[in-house]
Amino acid sequence: MNARLERKLRVLISIMIAGCVAGAAFSIAHDLPALPGIVTGLLISACVGGFEVLVGDGPVRAWLSSLPFTTNLLIKSAFYAVVILAIQWFPVVDLLIGRRAELIDNTFWSSLVYSVVVSILVNLVLAITNLVGGRALANFFTGRYHAPVEEERFVLFVDIAGSTTLAEQFGGLGIHRFLDRTFRLLSLPVVDYRGEVLAYVGDEMIVTWTRREGAQDSRPLRCFMAMRDELARKAASFEREFGAAPRIRGSLHFGPVIIGEIGDVKRAIVFNGDVMNTTSRLEALSRDIPGGFVASRAAVEQFNSRLPITMCDLGRLPIRGRVDGIDAMGLDAAPQDGAPHPAGKKSIAALPAR
């Protein structure tokens with residue numbers, strides 16, 4: 001099954017289970033049979049969740065995302081209210097459970113208000129999660145990084161190639177729209193490959209994985225390649241709208257980082273340490289490397305499966321801040337753009353599984 005579809009189905013099932021629980025809770029609180037409440041919750045959550053997870057990821061999502069936060073929230077809440085009213089007004093639940101249909105029973109209005117309030121709260125939580133990031137929000141609630149901790153992480157820097165020239169060509173507002181569209185597309189593979197967007201810094205996107213999540217199936221590397229595939233599929237659309245299609249280069253490193261909450265007025269969870277600095281400097285080196293991607297050997301050796309693409313050994317590269325340089329690897333650029341390998345470097349199809 002397609003990874004993106006599998007993820008959507010998991011989320012939809014979770015929403016439907018939550019809907020059943022909410023429906024049962026309402027019935028129990030009103031000393032009513034649980035079955036009608038469960039079926040009502042299932043129908044409402046299936047419609048609302050189906051919209052959020054399936055329909056909301058297509059053209060509708062692009063349109064809604066172009067709207068201000070409050071307008072987006074109001075439109076989706078109005079849609080939810082219409083769905084809930086239709087399900088509770090018409091005897092759909094009665095027909096499904098074989099109960100004698102009643103157009104309006106004595107719990108109609110209270111159940112309607114309850115369903116609308118719960119759906120709007122869920123919608124608000126989803127909207128805030130989209131702004132802050134699901135894992136960041138969960139980490140704030142659990143206090144996981146309230147005190148700083150050290151974790152081993154994969155860190156991927158993704159940079160939009162030629163953005164300075166594009167900024168001169170498009171102007172300030174134009175380059176912002178261009179970057180927004182690009183980063184929205186690049187976020188899809190991040191979710192597919194279980195990554196976490198740490199930050200957007202100018203024309204750069206920083207993505208991270210825990211050691212366990214990233215080592216599985218070479219996810220950071222697969223994510224970067226999927227980003228390029230995503231941009232290639234949308235290249236014609238970018239050409240029509242902007243007159244240019246985005247290209248990316250990137251860098252990957254692995255090692256210990258310090259993660260913790262910082263600040264007061266606008267508190268944030270930040271990553272610090274040599275790994276962050278080294279990944280940034282590797283990204284600068286990628287500009288002159290065929291294939292436009294540099295990974296430290298330390299990162300590649302963590303993968304527990306065969307690499308999804310042939311890589312070439314770049315040897316030990318000089319890097320600012322490291323006296324002895326860093327052992328690095330790059331993408332095998334020859335099949336992609338015809339660029340020659342750096343002299344004396346060998347191609348590596350895979351490293352032994354750890």
Quick one: do [X] and [Y] end up in the same hydrophobic cluster if we chain Ile, Leu, Val, Met, Phe, Trp and Tyr together by side-chain heavy atoms under 4.5 Å apart?
X	Y	result
Leu185	Phe224	yes
Ile206	Ile269	yes
Tyr200	Leu186	yes
Val21	Ile44	no
Phe254	Met329	yes

Compare all side-chain heavy atoms of [X] with those of [Y] and state whether any distance is below 4.5 angstrom.
X	Y	result
Val158	Val197	no
Leu43	Leu96	yes
Val257	Asn272	no
Leu252	Phe293	yes
Glu230	Leu188	yes
Tyr80	Phe51	yes
Met225	Leu331	yes
Leu121	Val117	yes

Is a donor on one side and an acceptor on the other found under 3.5 Å between the side chain of [X] and the backbone of [Y]?
X	Y	result
Asp313	Gly315	yes
Ser286	Glu283	yes
Thr278	Val275	no
Ser27	Leu32	no
Arg219	Arg194	no
Arg228	Ile248	yes
Ser218	Leu221	no
Ser163	Asp203	no
Ser280	Met276	no

Please give me the minimum heavy-atom distance between [X] and [Y], naming the atom from each residue.
X	Y	value
Gln216	Asn304	CA-OD1, 3.4 Å
Pro220	Leu156	O-CD2, 4.2 Å
Phe170	Phe242	CE2-O, 3.1 Å
Ala136	Glu196	N-OE2, 4.2 Å
Ala215	Gln302	CB-O, 3.3 Å
Ser296	Ile326	CB-CD1, 3.8 Å

In Å, rounded to the nearest 0.5 Å, how long is the span from [atom1] of [X] to [atom2] of [Y]?
X	Y	atom1	atom2	result
Arg212	Glu152	CZ	CD	14.0 Å
Leu166	Glu168	CG	CD	9.5 Å
Asp327	Arg316	CG	CZ	4.0 Å
Ile259	Thr210	CD1	OG1	9.5 Å
Ile15	Cys20	CD1	SG	12.0 Å
Lys234	Leu231	NZ	CG	11.0 Å

Query - Evaluation steps, side-chain contact (heavy atoms from CB on, under 4.5 Å), between Val190 and Met227 - result: CA-CA 8 Å; Val190 174; Met227 286 178 173; 3.5 Å; yes
**Report entry** Chi angles and distances behind the side-chain contact (heavy atoms from CB on, under 4.5 Å) call for Phe271, Arg153
**Finding:** CA-CA 10 Å; Phe271 286 46; Arg153 289 270 183 156; 4.0 Å; yes
Query raised in the report: How would you list, by chain and number, every residue that makes a side-chain contact (heavy atoms from CB on, under 4.5 Å) with Ala138, sequence neighbours excluded?
Result: none
Report task. State whether Phe238 and Arg181 meet the cation-pi test: NZ (Lys) or CZ (Arg) under 6.0 Å from the six-membered ring centroid, and within 45° of the perpendicular axis. Result -> yes
Report task. Starting from the C-alpha separation in whole Å, work towards a yes-or-no answer on side-chain contact (heavy atoms from CB on, under 4.5 Å) for Arg297 and Met311. Result -> CA-CA 11 Å; Arg297 178 170 280 274; Met311 300 192 74; over 6 Å; no
Report task. Verify ring pair (Phe, Tyr, Trp, His ring centres under 6.0 Å) between Phe303 and Phe154, making sure each step is shown before the conclusion. Result -> CA-CA 10 Å; Phe303 297 147; Phe154 289 93; 5.6 Å; yes
Query - Phe178 and Phe183 aromatic centres sub-6.0 Å - result: no
Going by an N to O cut-off under 4.0 Å, is there a salt bridge joining [X] and [Y]?
X	Y	answer
Asp274	Arg322	yes
Arg233	Asp229	no
Arg177	Glu241	yes
Arg144	Glu151	yes

Query - Sole residue of Asn72, Thr70, Thr71 in side chain to side chain contact (heavy atoms under 4.5 Å, CB included) with Leu74 - result: Thr70
Query - Leu85 atom CG: more than 12 heavy-atom contacts under 6.0 Å - result: yes
**Report entry** Criterion side-chain contact (heavy atoms from CB on, under 4.5 Å) on Ile87 and Cys47, from CA distance to verdict
**Finding:** CA-CA 10 Å; Ile87 289 174; Cys47 293; 4.1 Å; yes
